[in-house]
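First up is the structure itself, then whatever we jot down about it.
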Amino acid sequence: MAPEKTAQEKTPFIAKAKGFVVNLFKPKERVSADAGEKNNWKAWLYLAPCIILLAVFTFYPLINTIAIAFLKNYDYIQQTSEGFTLENFGVVLGLVGYTQSGDMVMRWNCTSFRSGGVVGSFIDAGGVVRDAYFTMDVIKYAFPNTLIITFITVPISIIIALFIAIGLNSIPAFHKALQTIFFVPYVTNAIAVGMVFAVLFDYQGIINYLFGLGSLTWIDQGAPAWRAMIALCVYIVWHSLPFKILILLSGLQNIDKQYYDAAKIDSASGFKTMMNVTVPLLSPQILYIMITSFIGAFKEYTSVVGLLGKPSTDGGGTNNMYTVVYYIYDMVKGNVQYGAAAAVLLFIIILIFTGIQFKVSKKRVHY
Amino acid sequence: MEIRIKDLTKVFPGNPKKGIPDTYAVDNLNIVVPDGQLVGLLGPSGCGKSTTLYMVSGLLEPTNGEIWFGDEDVTDLEPEKRGIGLVFQNYALYPHMTVYKNVAFPLTNLRLVEPVLGEDGKQLMNVDGKPEFKKRKLTKDEIDKIVRETARIVQIEPYLERKPNQLSGGQQQRVAIARALVKKPKVLLLDEPLSNLDARLRLQTREEIRRIQQSTGITTIFVTHDQEEAMSISDKIVVMKLGVKQQEGVPQDVYNDPCNKFVANFLGTPPINLFKGLLKDHKLYIGNDCVREITPEEVEEAAKLGRDLNDQEVTIGIRPEGIVIDERAPEMFHFHVNRILTMGRDIMLVSDHEQKLSDTKFVIDAFTKVSVGDVVCAVKPHKCFAFSLADGEPRLI
């Protein structure tokens, strides 16, 4: 009995191998290839405008940015540099500093620091104590601020957008009118909105008046960074709601009403229906807005310009309201290689977060 | 649990400005569903049968009328408080939950009311001197036990960990029934449960529904447009047309004794053959052929029922199985056979007649000798009906 069984098991493998060998020597069928090749140039012609524009304005800058990030003392005008280096990343992360005479110093060689870590003292080869200067804007302000903005505004705005979308979907009477009202922030210029918010959050503004806070400073000179951050987050959440509401609303309208009838028959409460029916069935849309708004929040910049006009609330002493992109923007004037290095770092961070989101979503998103 | 539907009416308001009149989806419907029986609501699409079902479920509010479950008036009760299970036409299984979770979902919302017992095992009284109760959720083990038991009844045990889209139509159907049954409802409502299945599965699943219904003894209302389906598994059928009940009764009775042309035409495959005819001197004529004589007893009975058997033009209906090829018959019916279709057990004569009002098809035993051309036959009296041309086309004989 046993040998017979093994023979049976082997047969399909032998047959497969035979088939493979036979197929190897067969002439390949070319019908589809011929038909495709004839019209190929036409396809490329139709694609050309798009590809050319993308190549000039997207692909080339993308590759060029990565290249610049690894070049020492890149000169933007003359397109020259002093060769390959990893220094730029070190400078952005505050690990590499320079003395006034231009000598490179590593942070871990310094014995003491002053001025919030910007100035470090080290003992040089000759035994003399000297000062080196480090860039702390990114590691101290830009990265933390960007992370705070991302992890506060994205969840809050998604949850608020979800409630508004569900609310809008359940009152058909003023549906169209309300939808228009909620969509207004989307078509309003970010700078204009920022100016309005700047008035609202002024120390003599409406927010203080409404909540009876006296003349509390939010965004004016001398306001603490955390209070400016609150104003900034309120502004970002408000401005990012309409797009999310729009996406969620279209998703809601595609959910079969019978699921709600079924939930009703199953005596599920309103909240339970939302958590067990609405949210899972909306999960593709939620994932979409989560990823796009995570990326958007990491790139936040216009809001700071719109609301504060400058990356600081303490009279320009420190750049305490920097975001990563604001830093990159500032570096374009003169220190483009540092901007490029920061952009590459931001890209890696966004890549990691998006990857994590996709991984998590595999279990939670139901298409 | 007996279900009584009294004067149930549902009006969908029209738009007078645009000249759209109100729609009477269900008009003064009265039905009694006896305890533990399966009743089929039957009718063509748009006859109000689904509307009726949704009103019984509570998802639609009736414009008028009452719905009673036993001694309880549930007309204004919320759907979740009615103790019903509803199977939707497209099942409405939650696509993101496994079969197990789908079936368990109703149970997770359930609250048990239990008496609060003191240390001596007696029920405690509250301050007002009334017995005290407390509500609690079902435990995981209790839910698991009920889910598995229900899964066993509808035979979906092997699929509990799958998602609905990994199941076939018939399996999804059974999951939907399991979800409806898991709360042990007093009433089970099925909305066109077989319409998404292929022909073979439909046959199988309808047996299954009947088996489940009988094993649980649950009072069931079943909506369908397929007369064969309704007749085969229902204890009682209710035939509806344009929101109005036409006839109700045991399927075979309704088939044998239809009250009007609509019911006669709606029940039976192939459908009844209709001819222009004449009622004269208590005889039925199609053309010059006298196909049936009305006996004095039948005349007496018709008089009791208030049926008018005076001479008049009528529509005559002959069931496909209602002829016997016999040239010696006293009442003869001549017709022309165009084609003969062999169906194995029977043969079907695709026929033609000058007076026909519908496709003419007769079914006879396979051993009968017959050939294409003119044929003479006798008509079985109890398979031959006459309908008035008056409003509603009621049956005369």
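Reminder, nothing fancy here: chain letters follow the sequence lines and each chain counts from 1.
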Is the number of heavy atoms from other residues, nucleotides or ligands under 6.0 Å of [X] [atom1] greater than 12?
{"X": "B/F133", "atom1": "CZ", "result": "yes"}
{"X": "A/F347", "atom1": "CZ", "result": "no"}
{"X": "B/K6", "atom1": "NZ", "result": "yes"}
{"X": "B/K186", "atom1": "NZ", "result": "yes"}

*What parts of residues 264-274 of chain A touch chain B if we use heavy atoms and a cut-off under 4.5 Å?*
A/K264, A/I265, A/D266, A/S267, A/A268, A/K272
*If contact means a heavy atom pair closer than 4.5 Å, which residues of residues 242-258 of chain A contact chain B?*
A/D256, A/Q258
*Looking only at heavy atoms, which of residues 66-88 of chain B get nearer than 4.5 Å to chain A?*
B/P79, B/E80, B/I84, B/L86, B/F88
*Just checking heavy atoms, which of residues 48-61 of chain B are less than 4.5 Å from chain A?*
B/Y54, B/S57, B/L59
*Any donor and acceptor pair, going by atom type alone, linking the side chain of A/Y259 with main-chain N or O of B/P95 inside 3.5 Å?*
no
*With only heavy atoms counted, which part of B/L93 is less than 4.5 Å from chain A, the side chain, the backbone, both or neither?*
backbone
_Evaluation steps, side chain to side chain contact (heavy atoms under 4.5 Å, CB included), between A/N276 and B/F105_ = CA-CA 9 Å; A/N276 284 288; B/F105 187 67; 3.7 Å; yes
